[in-house]
Amino acid sequence: MSDFPIRPKDVFDEIRKSVVGQDDAIREISVALVKHLVGHPAPNMLMIGNSGSGKTTLMRAVEYFLANHGELREFANIVRMNANVLAEERQGYGRAVLGRLYANARKMLGPDATPDAIVRGVERGIVFIDEVDKIRSIVSGAPNVRGIVAQEALLTLMENENVEFEADGWSFVINSSHILFVAGGAFEELYESVLRRATIGQDVTPMKPVVVVSSSGEVREELPFHLGDYLKYDDLFRYGMTPQFISRFESIVVLNDLAEGDLARIFVEPEQSIFRTSREYFKRFGIDLQITRGALVAIAWDAARQKRVGARALRETYRRVIRALEFEPTAGGTLTIDEEMVKRAIAARDGGGAQAHRRTGS
Ligand SMILES: Nc1ncnc2c1ncn2[C@@H]1O[C@H](COP(=O)(O)OP(=O)(O)OP(=O)(O)O)[C@@H](O)[C@H]1O
Ligand SMILES: [Mg+2]
C-alpha cells in the first residue's frame, strides 16, 4: 500500500505536539497505528508509566489524530475505556468492548450501513484500555474476582478469532484477531518490587547513586533506575496480571518519569497547556498574561519535587500562584508572573496553610 497517506513519522510529529518527553512510546504507538491502519499485523501494546506521566494524554492524542484526519475516517474506529468497566460480569466475554466498537461503527457508517460493513468496522477497531493495572487477578494475596473477570473478557477478544455478539436484534460473528489493543496503567507497586529485585536480588549489578543538580541549583542523589531496563513478564505475573493475558501484549513500553525540563515544557507548550489555558482566561478581561523564565523554572522545580503525581503537580503549584489573581483580574495591560511570586506561593504552602491566605493582595 504505497499510497497510504500516513507514515509513522507523521503520526509521531503530530502527537509529539501534545505529549512531551515520551518519544519512545510515541514512536512505538505510531508504528503500531500505521501497521493497523494499513491492515498489517500490529503488536498489541502495554504502556506502563507512573501516574501523571502521560498515558491517558497519549491515548487521547491518538484519538485526536485520527479524528482530525478525515482521510482516515473509515479506519478510525477507536474506543477508550477504563479496564474497570470490563469487570461487569453480565457483559462478560468482551461484549462491553464489542458493544462500544459496534456503536462507533454504526455512527461512522451512517443509517444505511449494511451489517457486513458494520462487522468490518468493528473488526478494524482500536481499543484503548486505560487503568489496566486496576484489574489485577490477585490483590494482597487474595483472588480478585472483578480483575479475573475483566482479564478474561479481554483475553476472549485477544485470543479468539470468532466471537459471537448480538446487537440491534442481529447476531454477528466478529473476527477479533485484527483489533488493536493498547493498554495503559501506572502499576504502582510494580516499581518498588522490581527496584527491590534489582537492588537486592541476585541477578543484578548493584546500582550506584548519581548526583543530580536541578536547574534551580538543588543537589540531590538519585538511583539511575529505569523500570524498563529491569522489567520482566514475571514481574507482571506477580503483580496480578495473568500470563495468558499479559503475553498477548507483544510490545511493552515503560514511559519516562518526567524531568524538570519536560514539566516546564508541559506547562507552556501543548495546545491545551495550563499556561495557555490560563492566558485565555485573562484575555477575557483584556489582560495579557506573561511568565518569566525564572517563574517557569520555579514552577517546574516545585512540581518535580512532588512524588507520584507527575505532571499533575504543575496544576497544584500553579493554582497557588494564580488563585488570587484569577479572583480579581485587574482589567487591562500586562500581568507578568515572576519568580518571586512563585517562590512566595511555594513558601506559603511549605510553611503551612496559615500564610497561604495572607498572600492575596500582592
Ligand atoms: N508526557 C506528557 N506530555 C504532556 N502533558 C502531560 C504529560 N504527562 C502528563 N501530562 C499532563 O498531566 C495531566 C495528567 O496526565 P495523564 O492523565 O496523561 O497521566 P497518566 O499517565 O494517565 O496518569 P494516571 O496513571 O494517574 O492515569 C494531563 O492533563 C496532561 O496535561
Ligand atoms: Mg491515566
Side-chain angles (χ1 to χ4, degrees), residues 11-30 45-65 78-86 127-136 147 150 181-192 194 226-228 231 236 239-241 249 252-281 291 296 299-322:
V11 184
F12 176 84
D13 288 342
E14 212 161 304
I15 290 182
R16 215 165 169 254
K17 289 181 195 156
S18 46
V19 181
V20 174
Q22 305 297 4
D23 287 3
D24 289 345
I26 304 176
R27 228 174 255 124
E28 190 83 359
I29 209 166
S30 302
M45 213 179 132
L46 174 64
M47 295 192 289
I48 297 174
N50 279 326
S51 199
S53 59
K55 300 178 296 294
T56 305
T57 306
L58 177 51
M59 291 178 179
R60 284 214 187 102
V62 174
E63 286 174 41
Y64 286 135
F65 176 85
I78 186 164
V79 298
R80 178 161 50 93
M81 53 212 299
N82 268 16
N84 260 326
V85 171
L86 301 163
V127 179
F128 285 141
I129 308 285
D130 209 353
E131 318 251 334
V132 74
D133 52 329
K134 304 297 184 304
I135 55 167
R136 303 164 82 161
F181 289 89
V182 178
F187 292 86
E188 281 237 358
E189 298 117 52
L190 183 67
Y191 190 93
E192 277 76 24
V194 177
H226 183 59
L227 180 63
L231 185 69
L236 291 164
Y239 188 85
M241 309 314 282
F249 293 93
I252 298 185
V253 183
V254 178
L255 270 68
N256 299 313
D257 284 339
L258 298 165
E260 252 178 78
D262 299 321
L263 293 172
R265 286 184 51 208
I266 289 171
F267 185 75
V268 287
E269 283 179 20
E271 223 165 274
Q272 311 279 330
S273 74
I274 300 172
F275 187 63
R276 281 180 202 263
T277 311
S278 188
R279 265 181 68 79
E280 288 301 314
Y281 174 75
I291 186 164
L296 179 59
I299 289 174
W301 169 80
D302 184 58
R305 292 191 303 154
Q306 323 292 324
K307 292 296 170 216
R308 309 222 157 269
V309 284
R312 287 207 184 89
L314 289 168
R315 281 183 205 281
E316 199 269 339
T317 304
Y318 187 62
R319 290 293 323 137
R320 289 178 182 277
V321 179
I322 208 70

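None of the values given here were measured: they were computed from a predicted structure. Order of listing sets the numbers, starting from 1, for every ligand and every atom in it.
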**Prompt:** When you measure from the side chain of Q22 to the backbone N and O of S53, does any donor-acceptor pair fall under 3.5 Å?
**Reply:** yes
**Request:** Check L231, V132, D133 against I48 for a side-chain contact (heavy atoms from CB on, under 4.5 Å) and give me the one that passes.
**Result:** L231
**Message:** Less than 4.0 Å is my threshold; does some heavy atom of L255 fall inside it relative to ligand 1?
**Reply:** no
**Request:** Could you list the atoms of ligand 1 found under 4.0 angstrom from a heavy atom of E131?
**Result:** 27 (O)
**Asked** Are any side-chain N or O atoms of S51 and backbone N or O atoms of V309, one a donor and one an acceptor, separated by less than 3.5 Å?
**Response** no
**Prompt:** Is the shortest distance from a heavy atom of R315 to ligand 1 less than 4.0 Å?
**Reply:** yes
**Message:** Considering both backbone and side-chain atoms of V19, is one of its nitrogen or oxygen atoms within less than 3.5 Å of a nitrogen or oxygen in ligand 1?
**Reply:** no
**Asked** For the side chain of N50 and the backbone of G310, is there at least one donor-acceptor N/O pair under 3.5 Å apart?
**Response** no
**Passing option when M47 is tested against D130, L58, V254 for side-chain contact (heavy atoms from CB on, under 4.5 Å)** = L58
**R276 side chain vs V268 backbone, donor-acceptor pair below 3.5 Å** = yes
**Asked** Does S278 use its side chain to pair, donor to acceptor, with the backbone of I274 at less than 3.5 Å?
**Response** no
**Request:** Taking only heavy atoms of L258 into account, list the atoms of ligand 1 that are under 4.0 Å away from them.
**Result:** 1 (N), 8 (N)
**Prompt:** Which of the listed options, P270, A311, S51, S18, holds the heavy atom that is closest to atom 4 (C) of ligand 1?
**Reply:** S18
**Item:** contact_flag N50 ligand 1 heavy-atom lt 4.0 Å
**Value:** yes
**Request:** Considering the heavy atoms of V20, write down every atom of ligand 1 situated less than 4.0 Å from one of them.
**Result:** 1 (N), 2 (C), 3 (N), 4 (C)
**Request:** Compute the minimum heavy-atom distance from S53 to ligand 1 and say whether it is under 4.0 Å.
**Result:** yes
**Under 4.0 Å to a heavy atom of Q22 - the qualifying atoms of ligand 1, by number** = 1 (N)
**Prompt:** If you count the atoms of ligand 1 from 1 in the order shown, which ones are under 4.0 Å from a heavy atom of A186?
**Reply:** 25 (O)
**Item:** Ligand-residue contact atoms, ligand 1 with G54, heavy atoms, under 4.0 Å
**Value:** 7 (C), 8 (N), 9 (C), 18 (O), 19 (O), 20 (P), 21 (O)
**Asked** Does D302 use its side chain to pair, donor to acceptor, with the backbone of I299 at less than 3.5 Å?
**Response** no
**Prompt:** In the protein, what heavy atom is nearest to atom 13 (C) of ligand 1, and what distance, to one decimal place, separates them?
**Reply:** R312 CG, 4.1 Å
**Request:** Between L263, T57, I266, flag the one that comes closest to atom 2 (C) of ligand 1 by a heavy atom.
**Result:** I266
**Fill in**
Closest to atom 21 (O) of ligand 1 among protein heavy atoms sits K55 NZ, 2.7 Å
**Message:** Tell me whether ligand 1 is touched by G52 - counting only heavy atoms on the residue side and a distance under 4.0 Å.
**Reply:** yes
